Every structure is written in C-alpha cells, then in structure tokens.
Enquirer: 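For reference, the structure I am asking about is given below.
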Amino acid sequence: MDLYSVVKVIGTGSFGRALLVQSKDSKEKWVMKEIRLPKAESGMRTTRREAVLLAKMKHPNIVAFRESFEDDGHLYIVMEFCSRGDLLQRIHQQKGCLFSQDVILTWFSQMCLGAKHIHDKRVLHRDLKSKNVFLTENGTIKLGDFGSACTLNSARAYAQTYVGTPYYVSPEIWDNQPYNNKSDVWSLGCVLYELCTLRHPFQARSWKTLILKVCRGAYAPLPAHFPYELHYLIKHMFKTNPKDRPSIHTILNSHRASRLLHKHLPEESKELMEEPINHWKKEEGEKVAMFLGQKSLLTISTTKDTLSCGSSLPESQSGNVGRRKKWAEGPPNTVLKVLGNADIISSVGMAATEGSDSRSEEECIETQRKKERRKWDRDPPERLLSLLEKAHLSKAFETYTIHRCSDDPPLGPLAEERNDVATDGPEDIHTDHSRLEPRSDDEDTDFEDDCPLDWTEELEKMVEEH
Ligand SMILES: Nc1ncnc2c1ncn2[C@@H]1O[C@H](COP(=O)(O)OP(=O)(O)OP(=O)(O)O)[C@@H](O)[C@H]1O
C-alpha cells in the first residue's frame, strides 16, 4: 500500500471500492480494488478468487493484473487502469446517437477474443455486461471484473451457484439450469445489442415481463441499416436453448459473421486466428444453382419468348437472361430423401419416443420433461414473481450471487466458503486441450446439470437485503 498514492475513488461496487492510484516510483496510474475480507478464515479463499483468476488471464483484451496484497482486513487487487471507462458509461455518452458499424464490430471482435481466452482456460466470467467491459486510452477493449467468475473443473461449484445481472441473464438460468459457456455468449449478445441500439434487448416494466421476454428470446430487431450478418449473429446469440447458441470459438471462426468480425480484428490477433470458413462462395453457389436447374426445374420460357420481347442479345446470352424456371410439380427426389432421413422435429409426445429405441420408461419421461422445460410458454413460477414484484426493476442491473444451501458455499468475493471446495487456487485452473479443437455448438456446451438449483429462496433473501 505504501508503494501507491490514492488519486481518487472511481466508484463503489457491491464488494468494496475501486480507487485510482499512482505508483510512487513510476508515476503510472493503476486501479486498486479494495475488497473487505470476510472475518472467517475459511471465507478468504473465495474472496481471493478474483485476484487469482485475473492473475491467470494474460491477454490484450482482458484487464491486466499487476499484483494483489492484503492489509488491514482488506484484499487489494492492483490492475490496469482503463482511462476511457466502461462501455455503459460510453453508451450513455452517446446521448442517442448510434455508434458506427465499424466501432461496434471492432469492439465486439475484441470482446470475443477476450471471452475466448477465458473460455479456453475453462473459466466462465458469469457477469459479462457493458459495465464490466472497459476501454483503454488507445481504444482497446478489456474485459474486467472477475468477481463472479469461476472455473469449470468443479461441477458442484458451478451447478449450485447462480451469479449474474438479471438483465443479462440467459433463459437457462431463469429455468434453474446450470450456468455454462453459452450463458456468457448470451450476455455478450446483450452487450452487442446495446452497442447497436443503445438499448437493452429485453426492456421491461416488470420482472415478470423481463423474465418472459428473456425466456422467449423476444427482442426488437436491430435497425435495418446493420448488415445481415450482424442480424443473424444476434439472432443466434439469443437462441433460448444454449445448445443452439454458437460458442465464442464458432462466432470467431465458422459463423456467418466471422468474416465480418475478422476484418475488424487487431492485426496481431488476425495472424493467430484461423481463417474463417467462407459460407457462400460465388462459384459454389453457381454450381448448386446449375445442379438444381438440371435436376428439378423446368424451363418454360423459350429463346423465342425472349426474342419476341425485342432482345437483340446473342442467343447464348439471351438464353441465360430470358429463361424463366419454375419448380416441377412434385418435390425433387433429393429433398424427399433428406426429409425421409430427418427426425420429425415437431412431433412431441410419447408417440415419438415409444418403441424408438431401448430406453427405459424413466429415461423417456426425463427426456420429455427436459423438452417441456425448454418451451417457456408458461409463466415464471408464482413464488419467484411475487418476491420479484417487491424489488424495484432497476435492481435487475446489479450483480447477484446466490447459492443453494447454507452448507454449500457461494462463489462471490464476499462469500463464506468451506475448505474443501476444489475451485480455489492457481492449481485448479487447467487447460483442457480438447476444448481448443473446433466442435459443433452442441458439443461446445460444457455441461448439463442433473441437479438444478432452486435459488428463489436465496433471491428472496437478497431482495429483502437490498
Ligand atoms: N480497471 C478499471 N479501469 C477503470 N475503471 C474501472 C476499472 N475497474 C473498475 N472500474 C470502475 O470502478 C467502478 C467500480 O467498479 P467495481 O468493479 O468495483 O464495481 P461495479 O462494477 O460498479 O459493481 P459490481 O462489482 O458490484 O458489479 C466502476 O465505475 C468501474 O467502471
């Protein structure tokens, strides 16, 4: 502490203060987070998690860690100072004037790089929001605030804890399912949407509407001037089923928007990235069109028709331009074959599962139950709503840390913790190299929860405390 002089208090978070400090030696400015340490010795390790995780993240798009130390009952984390503040402040400064597409894509592609680094290290951020994305003096984006982050290697730890800011929370969390890497993708989608519209995607006047809108993935479309790829990306990031949502890896490498993002990546990152998959090559498109034309289209216009319209083009060209085609009466064989092999997607109910394989009745019921949980046409649970009605909706922009049972430790910085939780300490963070391989988005959802958490009780307590 003696090495720094305090310039000013930047802000106060739920866990303590953020101070702007200056190194007495170098005169460099840093942010020092001052976090009250819990009295119980056992709670200290959780409090230190933010420092430990931040120290592990060395990436140009993540707030750099300098050092951490304890003094007088506080933990101090010294980190890079992002002089241009957070994106929420930046959005407010716009006063309704939209950001340019280039700015949005430049910032968003850097957010993706930062998030990819976190996920590659098997860490979930769990509180991505515009307030936790920072801008440096030279305009670089940095993800910060790892107070809610957790490692993925302890299934118990993440399955039983909910952390997040309600406006940015994905449908699966409201549905008592576990937080996973795609939940971070949802939150990042919210930030992208905010950059495009200066509004939150899920605006609501009540908690009930908020939750229902989130769970139905109902948002107003982006302004029409944005490119198709951006509309498409948002649509995918807001898929209500996390398995249908792209992973960060997919967004950067094989999504329809990847090429657009790549154009906006910093040069040094481009070299390290894979070349994105080109979804639609003109030559391939022409080949497909030709194939379809031969297979299943009938030529009904003739050169004669074209010529009678007064065209003076040579026959070779006028044939191409003037011919009109229409679909044959019956669907093409290829389509029938594909449909024959496809699952009957819309068929719900036991008929679809009966006799289809050798699964037990319980397994079938369980599958059915999971399908039903995804529908979200029903109202949110009465109890959840009645307690949320008491809370002001503005609270939905604050970070919540909720844990399941009194003997199960929460993961937030002020949490009490048992000694035997295996997610603390640098040794707990391991790199799973298989995760670095490109995979389908479905495979890239990290885990399933077999014991969904009932966190309404904890939320009730928190709402009362607020
Ligand atoms: N590295 C940083 N550079 C510049 N400003 C920062 C940095 N880290 C935090 N801040 C600012 O300090 C203030 C307090 O941040 P802090 O993370 O402590 O709490 P919070 O994000 O406001 O709340 P909570 O952590 O409860 O979500 C915020 O205004 C934030 O923008």
Side-chain angles (χ1 to χ4, degrees), residues 4 6-23 28-38 46-51 53-55 57-68 74-93 107 110-111 114 118 124-150 161-169 179 184 187 190-191 194 200 391 394-402 410-415 459 462-463 465-466:
Y4 303 94
V6 177
V7 179
K8 63 173 181 177
V9 177
I10 311 180
T12 308
S14 41
F15 305 123
R17 298 188 301 170
L19 310 166
L20 177 64
V21 297
Q22 191 165 34
S23 164
E28 264 183 286
K29 286 189 178 141
W30 301 92
V31 165
M32 185 185 276
K33 267 187 136 178
E34 181 190 61
I35 302 164
R36 292 177 300 272
L37 277 169
T46 311
T47 311
R48 290 179 188 128
R49 177 178 283 113
E50 181 176 359
L53 288 177
L54 192 59
M57 305 293 160
K58 286 190 178 63
H59 189 273
N61 300 111
I62 292 178
V63 171
F65 171 88
R66 180 175 158 89
E67 64 166 328
S68 70
H74 287 85
L75 168 69
Y76 293 90
I77 307 174
V78 184
M79 62 186 87
E80 179 178 11
F81 170 49
C82 304
S83 61
R84 284 167 66 186
D86 60 62
L87 280 192
L88 184 64
Q89 293 165 354
R90 201 56 199 77
I91 287 169
H92 285 151
Q93 283 165 15
W107 287 351
Q110 292 179 39
M111 279 181 235
I118 299 171
L124 299 174
H125 187 286
R126 302 202 301 178
D127 200 15
L128 287 170
K129 53 180 170 179
S130 41
K131 207 178 166 199
N132 287 339
V133 181
F134 299 94
L135 268 174
T136 63
E137 192 56 36
N138 70 7
T140 304
I141 283 286
K142 306 263 173 176
L143 303 184
D145 200 346
F146 281 73
S148 307
C150 78
T161 306
Y162 159 79
V163 182
T165 300
Y167 266 105
Y168 297 82
V169 154
Y179 202 101
D184 272 352
S187 307
C190 294
V191 179
E194 284 177 353
H200 198 274
S394 62
K395 299 282 177 211
F397 278 104
E398 289 180 12
T399 304
Y400 286 73
T401 308
I402 292 161
L411 295 177
L414 282 186
L459 184 56
M462 290 197 61
V463 167
E465 278 163 20
H466 274 82

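From a predicted model like this one, the values you see are computed outputs, not experimental measurements. Atom set for the values below is all heavy atoms of this structure, side chains included, hydrogens, waters and symmetry mates excluded. Residue numbers run from 1 in the order of the sequence given. As the structure lists them, so they are numbered: ligands from 1, and atoms in each ligand from 1.
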Enquirer: With respect to D127, determine whether any N or O atom, backbone or side chain, lies less than 3.5 Å from an N or O atom of ligand 1.
Expert: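 No.
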Enquirer: For ligand 1, is there an N or O atom under 3.5 Å from any N or O atom of T12?
Expert: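 Between T12 and ligand 1, no N or O pair is found under 3.5 Å apart.
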Enquirer: At what distance is the nearest protein heavy atom to atom 6 (C) of ligand 1, and which residue and atom is it?
Expert: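 Result: F134 CE2, 3.5 Å.
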Enquirer: To which protein heavy atom is atom 15 (O) of ligand 1 closest, and what is the distance rounded to 0.1 Å?
Expert: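 Going by distance alone, atom 15 (O) of ligand 1 is nearest to A18 CB, 4.1 Å.
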Enquirer: Could you find the nearest protein heavy atom to atom 2 (C) of ligand 1 and give me its residue, atom name and distance?
Expert: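 Minimum-distance protein heavy atom for atom 2 (C) of ligand 1 reads V31 CG2, 3.5 Å.
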Enquirer: Quick check: C82 and ligand 1, any N/O pair under 3.5 Å apart?
Expert: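 There is such a contact, yes.
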Enquirer: Given K131, K33, Q89, which has its nearest heavy atom closest to atom 18 (O) of ligand 1?
Expert: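 Shortest heavy-atom distance from atom 18 (O) of ligand 1: K33.
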Enquirer: Mark yes or no for whether D184, through its side chain, and H125, through its backbone, hold a donor-acceptor pair below 3.5 Å.
Expert: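 Present.
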Enquirer: What protein heavy atom is closest to atom 19 (O) of ligand 1, reported as residue, atom name and distance in Å?
Expert: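 Ranked first by proximity to atom 19 (O) of ligand 1 is G13 CA, 3.3 Å.
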Enquirer: Please write down residue, atom name and distance for the protein heavy atom closest to atom 27 (O) of ligand 1.
Expert: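 Scanning the protein heavy atoms, the shortest distance from atom 27 (O) of ligand 1 goes to T399 OG1, 3.1 Å.
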Enquirer: For the side chain of R84 and the backbone of E137, is there at least one donor-acceptor N/O pair under 3.5 Å apart?
Expert: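 A pair under 3.5 Å: yes.
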Enquirer: Taking all atoms of both residues into account, what is the closest heavy-atom pair of T165 and D127, and its distance?
Expert: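 Closest heavy-atom pair between T165 and D127: OG1-OD1, 2.7 Å.
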Enquirer: Under the side-chain contact (heavy atoms from CB on, under 4.5 Å) criterion, do R90 and D86 qualify, and how do the steps go?
Expert: CA-CA 6 Å; R90 201 56 199 77; D86 60 62; over 6 Å; no
Enquirer: Hey, are K142 and E80 close enough for a salt bridge, meaning a charged N less than 4.0 Å from a carboxylate O?
Expert: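 Salt bridge present between K142 and E80.
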Enquirer: What do the steps show when you test W107 against L135 for side-chain contact (heavy atoms from CB on, under 4.5 Å), and what is the final call?
Expert: CA-CA 9 Å; W107 287 351; L135 268 174; 3.7 Å; yes
Enquirer: Please report which non-hydrogen protein atom sits nearest to atom 28 (C) of ligand 1, along with the residue it belongs to and the distance in Å to one decimal place.
Expert: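 Result: D86 OD2, 4.4 Å.
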Enquirer: What is the nearest protein non-hydrogen atom to atom 13 (C) of ligand 1, stated with its residue, atom name and distance?
Expert: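 Protein heavy atom with the smallest distance to atom 13 (C) of ligand 1: G11 CA, 3.8 Å.
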Enquirer: Which heavy atom of C190 sits nearest to which heavy atom of Y167, and what is that distance?
Expert: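 Heavy-atom minimum between the residues: SG-O, 4.0 Å.
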Enquirer: Please identify which atoms of ligand 1 are closer than 4.0 Å to at least one heavy atom of K129.
Expert: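 Result: 27 (O).
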Enquirer: I would like to know whether L54 and M79 meet side-chain contact (heavy atoms from CB on, under 4.5 Å); could you show each step before the answer?
Expert: CA-CA 9 Å; L54 192 59; M79 62 186 87; 4.1 Å; yes
Enquirer: From the options K131, H200, K129, E194, select the one residue that forms a side-chain hydrogen bond (donor to acceptor under 3.5 Å, both in side chains) with Y168.
Expert: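 Running side-chain hydrogen bond (donor to acceptor under 3.5 Å, both in side chains) over K131, H200, K129, E194 with Y168 returns exactly one hit, E194.
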Enquirer: Can you check side-chain contact (heavy atoms from CB on, under 4.5 Å) on V133 and I141, steps first, answer last?
Expert: CA-CA 7 Å; V133 181; I141 283 286; 3.7 Å; yes
Enquirer: Who's the nearest protein heavy-atom neighbour of atom 1 (N) of ligand 1, and how far?
Expert: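 I find the closest protein heavy atom is E80 O, 2.9 Å.
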Enquirer: Which is closest to atom 25 (O) of ligand 1 by heavy-atom distance: I77, D145, N132?
Expert: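 That would be D145.
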Enquirer: Quick check: R17 and ligand 1, any N/O pair under 3.5 Å apart?
Expert: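 Not met; the criterion fails.
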